[in-house]
Amino acid sequence: MFNILEAKQLGTAVTQFEIEAPRIARKQRAGQFVIVRVHENGERIPLTIKSSDPQRGTITLVVQAIGKTTSLMSELGAGDALLDVVGPLGKPSEVEVFGRCVVIGGGVGTAIALPTAKALRDAGNYVIAILGARTRDLLILEDEVRAVTDEVFVMTDDGSYGEKGLVTDKLRQLEAVDYVLAIGPVPMMRAVAEVTRPDNIRTVVSLNSIMVDGTGMCGGCRVLIGNTSKFACVDGPEFDAHDVDFQILMQRNAMYRDQEKLAMDRYRESLLPACRGEGARRADEGRNLSGGERGDGDTHA
Amino acid sequence: MRGATFPEGRGEMETPMPNTISNKDRMKLPRQHMPERDAGVRARCFEEVNLGFDPALAKDEALRCLACAKPTCTKGCPVAVKVKDFVALIIEGDYLGAAAKIREDNVLPAITGRVCPQEDQCEGDCVIAKKVDSVAIGHLERFVADYERRTGQIGIPKNAPSTGKRVAIVGSGPAGLSAAGDLIQRGHEVRVFEALHELGGVLVYGIPEFRLPKDIVRQEVDVLRRMGVQFETNVVVGKTVTVDELLGEEGYDALFIATGAGLPQFLNVPGEHLNGVYSANEFLTRVNLMRAYRFPEVDQPVYDCAGKDVVVVGGGNTAMDAVRTSLRLGARNAYLVYRRGEEEMPARAEEVKHAKEEGVQFRMLTNPVEMIGDARGWVTGVRCVNMELGEPGDDGRRRPIAIRGSEHVIDASVVIVAAGTSANPMIQSSTPDLATTKKNYIQADPETLATSKKGVFAGGDIVTGGATVILAMGAGRKAARAIDAYLNSDC
């Protein structure tokens with residue numbers, strides 16, 4: 001069992017957990033993820049680690065309630081526990097002195113991009129953050145991002161906060177960019193790749209393909225990178241955006257859409273009448289967000 | 001005669017019932033058949049196929065053993081189970097004694113009794129097999145192990161006094177468990193690290209419920225726990241902790257790497273990224289470990305095979321497990337596609353027989369060249385060519401050659417590729433001074449299983465490439481002997 005020491009709401013249907021996992025806390029580096037199982041009949045889902053505290057022996061995860069498992073998780077609080085947490089898995093982010101770096105976070109992708117943004121700046125890079133959200137209530141971790149970057153731009157689809165527009169609108173305005181890291185919904189990452197392709201700016205994305213074991217054993221997370229099959233769990237999760245076949249990624253992420261919907265509908269029906277309204281509302285909003293949460297077998301917008 | 005039939009170390013029996021039948025007459029006794037669940041029924045459920053011997057069947061079968069002075073069956077067993085001794089105890093009716101006798105050499109008898117390829121090992125080397133059907137050693141082993149489990153009186157061997165030495169075992173599959181059992185008996189402290197959330201490795205993620213019920217694995221693991229073995233799940237050695245940290249900060253005196261088969265190999269044909277195309281590892285892990293056959297009662301889904309056509313590619317036990325699993329998930333047609341002939345299939349004879357009885361359609365000498373899909377990215381069929389066998393290749397097996405103009409399509413909504421595995425690099429890449437082979441398997445001395453790194457041993461599929469449960473268990477025993485010797489020297 002992995003105890004939850006703290007749980008706090010970061011935004012609509014987005015929860016941050018501090019979880020006791022001393023072995024993982026000691027080893028975690030930016031860009032790595034864990035696989036979590038919530039209960040005895042639960043599925044295994046990957047979640048990227050936002051940060052860790054080796055002294056306290058804890059890791060921090062940010063979870064958006066979208067499918068059944070993440071909705072179950074969002075019901076948990078301090079004093080509860082996760083049944084299984086394994087990691088840190090995947091290769092750490094590549095952190096070098098690139099120069100002017102742009103780190104783009106879409107939705108909960110911001111939580112995943114945050115540790116790498118910090119690592120890039122610690123390494124001596126100039127780091128510009130672009131945070132994207134559909135609307136103001138869905139923007140998370142802005143202050144934490146400001147604390148570890150040199151400049152921050154916020155883009156909302158509806159203009160309710162920051163500038164109205166897409167993260168790619170802002171990216172196009174920036175000059176002399178040496179390196180881009182984009183983490184968020186697949187359509188966003190694909191759009192970023194197209195913006196930087198003509199100038200051949202090194203661009204890295206973190207892929208949220210469906211995983212089971214997370215150790216290379218099942219091959220379910222395979223992605224097509226420059227016509228070669230790679231396993232996101234052991235070869236990634238970060239890849240050169242210009243080599244990624246995003247079409248296949250989106251296709252494969254939709255593989256269990258029918259089952260995910262069934263599981264979610266049953267979950268909602270199982271909620272007590274008193275909380276049904278609330279649970280359903282939160283789940284609906286989660287569904288409308290375009291992904292962003294890493295992997296989760298059930299988060300495909 | 002009597003001397004040959006009375007083994008040493010017999011259990012405490014009041015009135016022994018020796019095998020008084022002459023050797024000549026024993027040879028005339030027919031091999032007893034394993035009772036099986038009806039093929040039509042079992043092909044649609046996950047209940048175990050083989051139902052096991054009852055005491056009468058077991059005795060009738062045990063009486064066929066000649067109790068040879070030089071038992072070749074024991075020689076044929078990778079862990080050297082004293083076959084004639086335990087068979088003699090069955091004749092005497094001392095089933096618990098028989099189980100304890102097996103346990104001296106094999107810590108997982110209920111498992112090996114079910115999954116060993118006996119025809120290539122003990123039974124293949126059985127003396128009478130030259131003339132008649134061999135003694136059904138596997139069925140007898142299973143009988144006494146199940147009897148022992150049912151009574152709850154598991155003969156836990158006594159451990160030697162504590163040596164104060166600590167051994168870390170990486171992986172809780174057959175190699176790791178058998179090494180753990182031997183090392184704990186020799187007085188060492190043993191801790192097994194497992195990457196998944198459940199213990200048993202391939203026994204829980206790979207081998208299906210209908211061939212090896214998970215309860216049996218759990219009980220065998222519990223026996224080891226009661227013997228004093230410690231287990232820690234959710235630890236990926238190489239990621240969560242490294243080999244050097246285990247030997248350093250964590251203070252282990254020796255380490256056994258038994259991480260098993262690794263990354264699934266695909267065919268590298270066009271279309272393998274289509275939805276509905278699985279590796280056998282993924283398909284079986286979803287169904288076995290995650291129990292996706294019970295979705296939506298459990299949360300992990302697997303693509304719904306009900307009423308669909310399923311193609312499984314491969315000829316090994318994994319392919320058999322996958323294709324038979326697809327039937328149980330409701331497949332309308334379940335095809336086994338293999339590029340060589342049935343004779344060349346590496347699968348156990350019993351699995352092939354069971355698969356046929358259950359209605360699997362064998363498409364031998366057939367090789368997939370492309371997966372075909374629809375506009376939404378879902379697989380709809382497999383384009384195949386027919387093959388013929390040519391001259392033997394480097395591995396001594398006749399090479400399959402494509403027959404020109406034989407292209408055809410087998411319709412399928414699910415395609416499962418069981419084309420073997422390659423080495424998982426996680427430990428190797430995090431342990432720079434560990435020597436590996438060209439294919440990145442870990443190099444280990446064939447006799448001691450010692451690696452290039454002091455105090456580190458390796459065995460099972462991570463050394464040999466994909467093999468069988470019992471060979472991995474044999475490696476575990478071998479490693480345990482060598483680790484014990486190493487710990488008793490000055491290290």
Side-chain angles (χ1 to χ4, degrees), chain A residues 2 21 23-24 26-27 32 34-35 37-45 67-69 72 83-90 210-224 229 231 234 245 247-256 258-260 262-267 297-298, chain B residues 194-198 205-206 232-236 238-242 245 249 259-266 268 272-286 289-292 294-304 373 376-378 417 421-426 429:
Chain A
F2 295 79
R23 282 192 184 278
I24 304 171
R26 272 200 295 276
K27 303 292 279 191
Q32 291 186 296
V34 286
I35 297 249
R37 202 167 68 116
V38 178
H39 64 108
E40 198 46 58
N41 285 333
E43 61 180 338
R44 292 170 65 96
I45 62 162
K68 180 180 174 186
T69 300
L72 280 172
L83 189 55
D84 298 291
V85 180
V86 59
L89 300 169
I210 297 172
M211 296 180 187
V212 183
D213 62 287
T215 63
M217 198 187 80
C218 86
C221 66
R222 62 192 187 275
V223 286
L224 210 49
S229 193
F231 292 175
V234 289
D245 188 325
Q247 182 58 36
I248 280 180
L249 176 66
M250 278 195 276
Q251 247 170 39
R252 290 188 60 80
N253 277 356
M255 183 152 166
Y256 297 101
D258 293 347
Q259 284 99 325
E260 286 155 10
L262 176 65
M264 197 59 206
D265 289 347
R266 280 171 57 107
Y267 169 69
D298 50 22
Chain B
E194 167 56 48
L196 292 170
H197 58 264
E198 202 166 316
Y205 77 73
E232 187 173 345
T233 52
N234 294 317
V235 176
V236 181
K239 287 286 184 186
T240 314
V241 65
T242 63
E245 286 164 344
E249 292 124 76
T259 48
L263 309 142
Q265 282 178 342
F266 287 88
N268 294 320
E272 275 186 306
H273 283 81
L274 290 166
N275 287 359
V277 180
Y278 282 110
S279 75
N281 266 13
E282 180 183 4
F283 182 73
L284 291 172
T285 300
R286 283 180 180 272
L289 176 73
M290 305 309 295
R291 305 189 300 279
R294 286 171 49 205
F295 180 88
E297 245 178 275
V298 303
D299 294 341
Q300 193 96 38
V302 66
Y303 181 64
D304 186 6
R376 291 162 46 243
W378 283 86
V417 179
T421 53
S422 58
N424 191 317
M426 241 169 229
S429 61

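Below, read A as the first sequence line, B as the second, and so on, with proteins coming before strands; counting in each chain starts at 1. As the structure is a computational prediction, the values presented were derived from the model and not from experiment.
- Judged by distance alone, the side chains of A/D245 and B/H273 never bring a donor and an acceptor atom under 3.5 Å apart.
- Here the straight-line distance linking atom CZ of A/R37 with atom CG of B/D299 works out to 10.0 Å at 0.5 Å rounding.
- Heavy-atom pairs under 4.5 Å with chain A peak, among B/R286, B/E245, B/R291, B/M426, at B/R286.
- Using a 4.0 Å cut-off between charged nitrogen and carboxylate oxygen, A/R266 and B/E297 do not count as a salt-bridge pair.
- Without hydrogens or angle criteria, B/S279 side chain to A/C218 main chain gives a donor-acceptor distance under 3.5 Å.
- Of all the listed residues (B/N275, B/L284, B/D304, B/V298), the one sharing the greatest number of non-hydrogen pairs under 4.5 Å with chain A is B/N275.
- Residue contact with chain B, scored on non-hydrogen atoms closer than 4.5 Å, involves the backbone and the side chain of A/R222 alike.
- Proximity to chain B (any heavy atom under 4.5 Å) is restricted, for A/L72, to the side chain, taken from C-beta onward.
- Looking at B/K239, its side chain never comes within 3.5 Å of a backbone N or O of A/T215 through a donor-acceptor pair.
- Interface remark: A/F2 contributes side-chain atoms only to the contact with chain B (heavy atom separation under 4.5 Å).
- Under the 3.5 Å distance criterion, the side-chain polar atoms of A/Q251 are left unmatched by any main-chain donor or acceptor of B/L274.
- When B/T233, B/V302, B/L263 are compared by the number of non-hydrogen pairs under 4.5 Å with chain A, B/L263 comes out ahead.
- Considering B/V236, B/V241, B/T242 as possible partners of A/K27, the one that fulfils the side chain to side chain contact (heavy atoms under 4.5 Å, CB included) test is B/T242.
- Within the 4.5 Å cutoff, side-chain heavy atoms of A/E43 are placed close to those of B/P301.
- Side-chain contact, B/N234 with A/R23: no donor N or O sits under 3.5 Å from an acceptor N or O.
- B/T240 contributes no side-chain N or O that, together with a main-chain N or O of A/I24, makes up a donor-acceptor pair within less than 3.5 Å.
- A salt bridge does not link A/R26 with B/E249: none of the charged nitrogens is closer than 4.0 Å to a carboxylate oxygen.
- Within the 4.5 angstrom heavy-atom criterion, atoms from both the backbone and the side chain of B/V277 approach chain A.
- Between A/Y256 and B/Y278, the ring-plane angle classifies as tilted under the 30° and 60° cut-offs.
- If you measure heavy-atom distances from B/F266 to chain A, the contacts under 4.5 Å come from the side chain alone.
- What you find for A/G219 and B/P264 is that their closest heavy atoms are N-CG, 4.0 Å.
- Contact annotation for A/V85: only backbone heavy atoms (N, CA, C, O) come within less than 4.5 Å of a heavy atom of chain B.
- Heavy atoms closer than 4.5 Å to chain A are found nowhere in B/Q265, neither backbone nor side chain.
- Proximity to chain B is limited to the backbone of A/V223, based on heavy atoms less than 4.5 angstrom apart.
- Residue contact with chain B, scored on non-hydrogen atoms closer than 4.5 Å, involves the side chain of A/I248 exclusively.
- The contact between B/T285 and chain A is made entirely by side chain atoms (from C-beta outward), counting heavy-atom distances below 4.5 Å.
- Of the possible donor and acceptor atoms, one in the side chain of B/Q300 sits under 3.5 Å from a partner among the backbone N and O of A/R44.
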Could you give me the CA-CA distance, side-chain angles and deciding distance for A/V212 and B/M290, then say whether side-chain contact (heavy atoms from CB on, under 4.5 Å) is met? CA-CA 9 Å; A/V212 183; B/M290 305 309 295; 4.3 Å; yes
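- Scanning both residues, B/Y303 and A/Q259, for their nearest heavy atoms gives CA-NE2, 3.8 Å.
- For B/Y205, the ring pair (Phe, Tyr, Trp, His ring centres under 6.0 Å) test picks out no residue, with sequence neighbours left out.
- Contacts of B/R376 with chain A are made by backbone atoms alone, with heavy-atom separations under 4.5 Å and no side-chain atom involved.
- When the candidates A/D258, A/V234, A/V86 are compared by the number of heavy-atom contacts under 4.5 Å with chain B, A/V86 comes out ahead.
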